[in-house]
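First up is the structure itself, then whatever we jot down about it.
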Amino acid sequence: VGYLLLGIVAGLAAVERKGFLQAMLSRPIALAPLTGWALGDLAGGLAVAAPLELLWLGAVNLGAALPVHEALATVAITGGAVLAGQALGTGVSPATAVVALLVGAPLALLGRRADRLVEVANERLAIFAEEALRRHHPHAAVRLNLAGLAMPFAIAAVLAPAGAWVGSQAATRLLQAVPSLDGPLRVGWWAFCGLACAAGAKALRSRRAGVIFGVGAATALLIGLGLRVAP
Amino acid sequence: VTIPFRTRAHVFWRCLFLQAAWNRRGMQNLGFAYAIEPALDALYPEPAQREEALARHLGFFNCHPYMAAAIVGGAIHHEERVAAGEEPGAAPLSYKATLQGPLAAVGDGFFWTALRPFFGAMAALGALVAGWPAVVAAVVLYNLVQFSLRAALFRAGYRQGDAVVGLIARLSLPRVADRLRAAGVALCGAAAAAVALRAGGGVVGIEEGAVLVVAAAAGAGYLALTKGAPLFPAAYLVAVLGTLVAAVTGWDGTP
């Protein structure tokens, strides 16, 4: 049932991402908690949401350029981390998250390749629509537009659960075989989170971004430490 | 002939499917024809005229999906005049061809590279500091802004036709985008600090090593990315390197 839910969530996210709505629901920050919630672990999904959002803050569809498929990878990574956490009885930990990330992230690149195939298939839909109009079926012609939603749904619905399964198996087996890796993997996760913040700052392409990024970090760190010291 | 409000609302709803069959040949052509179909049905009761109108909207079209609302609204504006015999059939096409490029550039620059990343960074920081309610608030706020603008652009395009350009210029979207980008970068910096504090032990204690790992990864990562380092290899390198260093030194990263 979990993998079926993952497939549905991934499929709907793939549709929302480009074909319909584009209301930020397929962005990692919303999609990871939704995926976690679908699997019964909202907090686990939320734990991976922020770094994934910042890592792929620059994944946008500019003109005809195809970005990486961040939604597909997000469902696979979150699903892998949540399922591994459930299998180990620890919930989503930095260790399960980083293994699921390392296994699931390439799906973002694979998804981009799949998007190219979708565009080719959609080209045929457009040709069919022109033919239908020539045969005086205008309603049938324009309704072919909706058929373009099927392929992105199907691809994500198959690939995301598969990626989550591989990620959860890898994390579960690795941490069961070498429990002492939990600590080092935790450090790896935090290091990745630091890089993800940098990737977000870089993606915004602002002038003097380096200075603003540093000042923002230092200010927030001081405020955070101040709040910690305060009674 | 004027299109009833209900039909315009139907067209606006269909605008949300503009990119459903995006393709490299006609790009959003099928989506545009799908969106405007209810208006053409209302304007051209004669099937031959309706098919002719639909055929002209099956031609190449590509714009930012939010900004395209202004062009769909404007195309209806022109189609009303074509149906009334006040303009030639080429007028809606000319309108689309003139505006699609400039509005795509404005939309990409404002919505895709400024507004959405800004709210993404805000939601990410919120998730780290306040949990899921902050994420919900950021997503709702983003959608209030983008849907309001989309609806306003559609209405302005329909009512004003070519004059919608002046309205968009008055919004000064590129200037607002610059400010949103800078604010977004600051939020990313604050998120790095929030991650460092979490890694360092939240409110219980502080592990300087963990804070340093996050700070080093953020600082060195930023420099490497600005020098052209590819994102994926950098992410793998940082995660694996952090793990290896901790494994070799026997440090488990717990505060």
Side-chain angles (χ1 to χ4, degrees), chain A residues 18-24 27 29-30 33 46 49-50 53-55 57 60 62 98 102 119 122-123 125-126 129-130 133 136 138 142 144-146 148-149 183-188 190-195 197-204 206 209-210 212-214 216-217 220-221 224 228, chain B residues 16-17 19-26 29-31 33-34 37 51 54-55 58 65 108 112 117 120-121 123-124 127-128 132 135 139 142-143 181-182 184-186 188-193 195 197 199 203 210 213-214 217-218 221-222 225-226 231 234-235 238-239 242-243 246-247 252-253:
Chain A
K18 184 167 182 180
F20 169 65
L21 203 59
Q22 294 171 308
M24 221 175 143
R27 293 293 305 169
I29 195 65
L46 197 64
E53 175 67 26
L54 294 171
L55 179 72
L57 209 59
V60 290
L62 297 176
V98 78
L102 294 173
E119 288 179 358
N122 286 346
E123 211 167 300
L125 285 179
E130 287 164 11
L133 192 58
H136 309 292
V142 295
L144 281 168
N145 184 53
L146 298 179
L149 300 173
L185 285 170
R186 181 202 314 271
V187 178
W190 291 126
F192 162 73
C193 289
L195 178 95
C197 296
K202 158 80 172 40
L204 278 151
S206 174
I212 299 170
F213 181 57
L221 199 58
R228 194 198 305 258
Chain B
L16 305 180
F17 294 89
Q19 302 201 117
W22 197 98
N23 62 88
R24 290 191 175 266
R25 188 162 162 265
N29 61 336
L30 198 44
Y34 175 74
E37 190 208 18
E51 284 174 29
L54 200 59
L58 260 182
D108 284 348
W112 277 181
L128 291 165
W132 67 265
V135 175
V139 172
Y142 170 75
N143 282 304
R181 283 191 206 104
V185 173
C188 290
V195 168
L197 288 169
V203 293
V213 164
V214 176
Y222 181 81
L225 293 172
T226 51
L231 182 59
V238 162
T243 305
D252 69 357

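Note on naming: letters A, B, ... go to the chains in the order of the sequence lines (proteins, then strands), and numbering restarts at 1 for each one. Because the structure is predicted, anything quoted here is derived from the model rather than measured.
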* With distance as the sole test, does B:Y34 use its side chain to make a donor-acceptor pair with the main-chain N or O of A:L146 at under 3.5 Å? -> no
* For chain A, find which of B:G242, B:A235, B:G189, B:A55 contributes the most heavy-atom pairs closer than 4.5 angstrom. => B:G189
* Give the member of A:A209, A:A129, A:C193 that has the highest number of heavy-atom pairs under 4.5 Å with chain B. => A:A209
* Asked: What distance do A:L57 atom CG and B:L231 atom CG have between them, rounded to the nearest 0.5 Å?
  -> 11.0 Å
* **Contact origin within B:V135 toward chain A - heavy atom pairs under 4.5 Å** => side chain
* **Residue part contacting chain A, namely of B:D108, when any heavy atom lies under 4.5 Å** => both
* To do: Grab the two heavy atoms, one from B:L225 and one from A:A198, that are nearest each other, plus how far apart they are.
  => CD1-C, 4.2 Å
* **Residue selection (most heavy-atom pairs with chain A, distance under 4.5 Å) from B:A192, B:G184, B:A127, B:G26** => B:A192
* Asked: How far does OH of B:Y222 sit from NZ of A:K202, to the nearest 0.5 angstrom?
  -> 8.0 Å
* To do: Report the option among A:G200, A:A30, A:A49, A:P138 that has the most heavy-atom pairs separated by less than 4.5 Å from atoms of chain B.
  => A:P138
* Out of B:A33, B:G120, B:A186, which one racks up the most heavy-atom pairs below 4.5 Å with chain A? -> B:G120
* Most chain B-contacting option - heavy-atom pairs closer than 4.5 Å, from A:P33, A:G148, A:G194 -> A:G194
* Over all heavy atoms of both residues, which pair between B:A20 and A:L149 is shortest? Give the atoms and the distance, please. => CB-CD2, 3.6 Å
* Structure fact -> Shortest non-hydrogen pair, A:L102 vs B:A239, comes out as CD2-CB, 4.2 Å
* Asked: If you round to the nearest 0.5 Å, how far is CG of B:L128 from CD of A:E53?
  -> 11.5 Å
* Heavy atoms of other groups near B:W112 CH2, more than 12 under 6.0 Å -> yes
* Can you tell me how far CG of A:L144 sits from CG of B:L30, rounded to the nearest 0.5 angstrom? -> 6.5 Å
* Structure fact -> Honestly, the part of B:E37 sitting under 4.5 Å from a heavy atom of chain A is side chain
* **Verdict with supporting geometry, B:R25 and A:E123, salt bridge (Lys or Arg N to Asp or Glu O under 4.0 Å)** => CA-CA 6 Å; B:R25 188 162 162 265; A:E123 211 167 300; 5.4 Å; no
* Output the distance between atom CD (B:Q19) and atom CG (A:N122), rounded to the nearest 0.5 Å. => 11.0 Å
* Structure fact -> Looking only at heavy atoms, the pair that brings B:C188 and A:L204 closest together is SG-CD1, 4.1 Å
* Structure fact -> Taking every heavy atom of B:A121 against every heavy atom of A:L54, the minimum-distance pair comes out as CA-CD2, 4.2 Å
* Interface moiety of B:Y142 toward chain A, non-hydrogen atoms closer than 4.5 Å -> side chain
* Nearest 0.5 Å please: distance from the CG atom of A:L21 over to the CG atom of B:L16. => 6.0 Å
* So which of B:A182, B:A191, B:A234 has the largest heavy-atom pair count under 4.5 angstrom toward chain A? -> B:A182
* Over all heavy atoms of both residues, which pair between B:V185 and A:A201 is shortest? Give the atoms and the distance, please. => CG2-O, 3.7 Å
* Are any side-chain N or O atoms of A:N145 and backbone N or O atoms of B:F17, one a donor and one an acceptor, separated by less than 3.5 Å? -> yes
